[in-house]
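Below, read A as the first sequence line, B as the second, and so on, with proteins coming before strands; counting in each chain starts at 1. This one's a predicted model, so the numbers in the text were calculated from it and none came from an experiment.
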Number of protein chains: 2
Amino acid sequence: MSKLDESLLTGLPPFSLLERSQIREILDHALPKRYDEGAEIFHEGHDAERFHLLLDGYIRVVKTTEGGEQIIALHISPGQLFGIAPALNRDTYPATAIAASESLALSWPVRLWGDFTTKYPGFATESYSTLGQRLGEMQTRITELATQAVEQRVAAALLRMVTQSGRKVEEGIEIAFPVTRRNISEMTGTTLHTVSRLLSAWEKDGIVHSTRKHIVVTAPHRLVLLSGAQG
Amino acid sequence: MSKLDESLLTGLPPFSLLERSQIREILDHALPKRYDEGAEIFHEGHDAERFHLLLDGYIRVVKTTEGGEQIIALHISPGQLFGIAPALNRDTYPATAIAASESLALSWPVRLWGDFTTKYPGFATESYSTLGQRLGEMQTRITELATQAVEQRVAAALLRMVTQSGRKVEEGIEIAFPVTRRNISEMTGTTLHTVSRLLSAWEKDGIVHSTRKHIVVTAPHRLVLLSGAQG
DNA sequence: CCGCAAGTTTGCTGAAGGACAAAGTGGTCC
DNA sequence: GGACCACTTTGTCCTTCAGCAAACTTGCGG
């Protein structure tokens, strides 16, 4: 097993304040693993044995209702920690993590969480900032779901994905991981049918261009208006 | 200014592991304050200068949308910390806190947060557990809003309030703080009209008994069925 | 004790969007 | 190359619930 390169972590927020030797130490405990698109990284309710850091790819964090419906709780982009149950003092994962595209992640046993946070104060601080941001995002989603119409919510969801993972292509900005209509409906609390109709309408208006599992936003500004920024 | 009694904190989760002398120390920095019903404790966006602990009463934590609508993010019951922006590394309050009934709270300047968490590891652990629970509750609400019909959501909201603050009366279990139809609509993403209709219907069915601002649940089990626990 | 404000009830209407149905379109695996 | 499967599109119907309107009730302050 070859050693991981330190440059993997330098520059990522949770590790930005650490010294080379500390990063070396952390990496020596890390287990890297590759996941195929659709592969499960951990499962809701299972013992939280490890916490994870995404290096490459995209992860969907999903909850399933008793009725069998899925809700996408969160998208993780490269550089972010996930499955950090120990930070919240939990011993099982509260949701399931699935690779949205082929992904590469590091992981550590949860017992090291305590070590990391006490040894490296910057790590703790950054982790809790992340948590704060997620709390904020969830609050935003609650507000959207409670007050906005479906069209606005779908527009907002697209914009969020574009912001988090958009990469420039000649037509506009493309969402960098595969997304189905169903996925979008699971993010916005509607049906895949309604999402399909909206995307068709927007396609006709030249706001987006979408193919199977891939979406390019060609007129982000118009989407912003639709999303309810007082349009 | 008379000294606060130590028994105020012994027994509360965030302080349960501390020694008498430590509690004394913490209390000596605390500022107690009484709030009338409807009084604002802190305001969204303002500098987070203090964090708070509710001793008596109930607090509503509220977000306001650009459209001027209010969303109730959270209810705080006695014994809980609130306004803990520092835990999330934030320097402004993310929402507004309003006393739902006459309330009594202690507060400390945020700079003591760091002291508390490092000096008293139990305090940190308990605080982050609380945060974990709140994250979980928010996730539950998102799921409800995304998948359930209005009737189920309102039933679930009532049950949540009953669980958090129910006190036994001869008719059933009463929600211990004033709640208007509008409040309930702000918790569930509907209108006060719809809530009123639902409560009227449930009153007719003998499930609840409500007067102006007060609700007694007389048949909790039937509400559980309505709330979507596979009814 | 009166008047007002805040909270509640109820009726009516219409639109949004969910449910159901069915056909079209790539993509992939053999 | 063919067959299957996952994803998408589109149509129709029908329920839910928001929106609007107006009357009613209760409590409080003057």
Side-chain angles (χ1 to χ4, degrees), chain A residues 36-38 60 65 67-72 98 100-102 144-155 157-158 175 177-205 208-216 226 228, chain B residues 36-38 60 65 67-72 98 100-102 144-155 157-158 175 177-205 208-216 226 228:
Chain A
D36 284 329
E37 180 176 332
R60 262 192 270 280
T65 67
E69 292 159 296
Q70 297 217 326
I71 299 293
I72 298 181
I98 293 174
S101 60
E102 186 180 341
E144 279 179 16
L145 283 164
T147 65
Q148 304 200 309
V150 169
E151 184 177 44
Q152 301 179 304
R153 303 206 301 265
V154 174
L158 284 190
I175 294 169
F177 52 86
V179 210
T180 65
R181 311 291 183 262
R182 172 165 293 281
N183 287 330
I184 297 176
S185 76
E186 288 168 351
M187 304 174 61
T188 52
T190 178
T191 61
L192 78 165
H193 307 277
T194 300
V195 173
S196 176
R197 278 181 241 268
L198 285 171
L199 287 181
S200 297
W202 291 341
E203 182 107 35
K204 203 170 300 175
D205 289 354
V208 302
H209 174 65
S210 66
T211 58
R212 174 172 278 231
K213 285 199 176 197
H214 272 269
I215 301 180
V216 180
L226 286 173
Chain B
D36 284 330
E37 181 177 333
R60 262 191 271 280
T65 66
E69 291 158 297
Q70 297 217 326
I71 299 293
I72 297 181
I98 292 174
S101 60
E102 187 179 339
E144 278 179 16
L145 284 164
T147 65
Q148 304 200 309
V150 169
E151 183 177 43
Q152 303 180 302
R153 303 206 302 265
V154 173
L158 285 190
I175 294 169
F177 51 87
V179 210
T180 65
R181 311 290 184 261
R182 173 166 291 282
N183 287 330
I184 296 175
S185 77
E186 288 167 352
M187 304 173 62
T188 53
T190 178
T191 62
L192 78 164
H193 309 277
T194 299
V195 173
S196 176
R197 281 180 241 270
L198 286 171
L199 287 180
S200 297
W202 291 341
E203 181 109 35
K204 203 170 300 176
D205 290 354
V208 301
H209 176 65
S210 67
T211 59
R212 178 172 273 231
K213 285 198 176 200
H214 272 269
I215 299 180
V216 180
L226 286 173

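- Atom P of nucleotide dT8(C) and atom CG of L198(B) are separated by 14 Å, given to the nearest angstrom.
- As rounded to whole Å, 11 Å separates atom P of dA6(D) from atom NZ of K213(A).
- One can place CZ of R182(B) at 10 Å from P of dT8(C), the figure rounded to the nearest angstrom.
- In this structure, the side chains of N183(A) and R60(A) come closer than 4.5 Å at one or more pairs of heavy atoms.
- Atom-to-atom, CZ of R181(B) to C1' of dT26(D) comes out at 13 Å; the value is rounded to the nearest Å.
- Side-chain contact check for E151(A) versus R197(A): every heavy-atom pair is 4.5 Å or farther apart.
- For the pair L199(B) CG and dT8(C) C1', the computed distance is 10 Å after rounding to whole Å.
- OP1 and OP2 of dG7(C) both lie 4.0 Å or more from every side-chain N or O belonging to T180(B).
- The CZ atom of R182(B) sits 11.0 Å away from atom OG1 of T190(B), with the distance rounded to the nearest 0.5 Å.
- Residue H214(A) contributes atom NE2, which lies 11 Å from atom P of dT8(D) at whole-angstrom precision.
- With contacts defined as side-chain heavy-atom distances shorter than 4.5 Å, the pair V216(B)/I175(B) does not qualify.
- The CD-P distance, from E151(A) to dA16(C), rounds to 10 Å in whole Å.
- At a threshold of 4.5 Å between non-hydrogen side-chain atoms, the residues R181(A) and L199(A) count as touching.
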Review point. Which nucleotides of nucleotides 18-29 of chain C have their base under 4.0 Å from a protein heavy atom (B), which only their sugar-phosphate (S), and which neither (-), written as one string 5' to 3'?
Key: SBBB---BB---
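- Side-chain contact between I71(B) and E186(B): absent, with no pair of heavy atoms (C-beta onward) separated by less than 4.5 Å.
- Distance CD (E203(A)) to C1' (dT10(D)): 15 Å, rounded to an integer number of Å.
- Looking at the side chain of S200(A), the nearest of the listed nucleotides dT8(D), dC17(D), dT10(D) is dT10(D).
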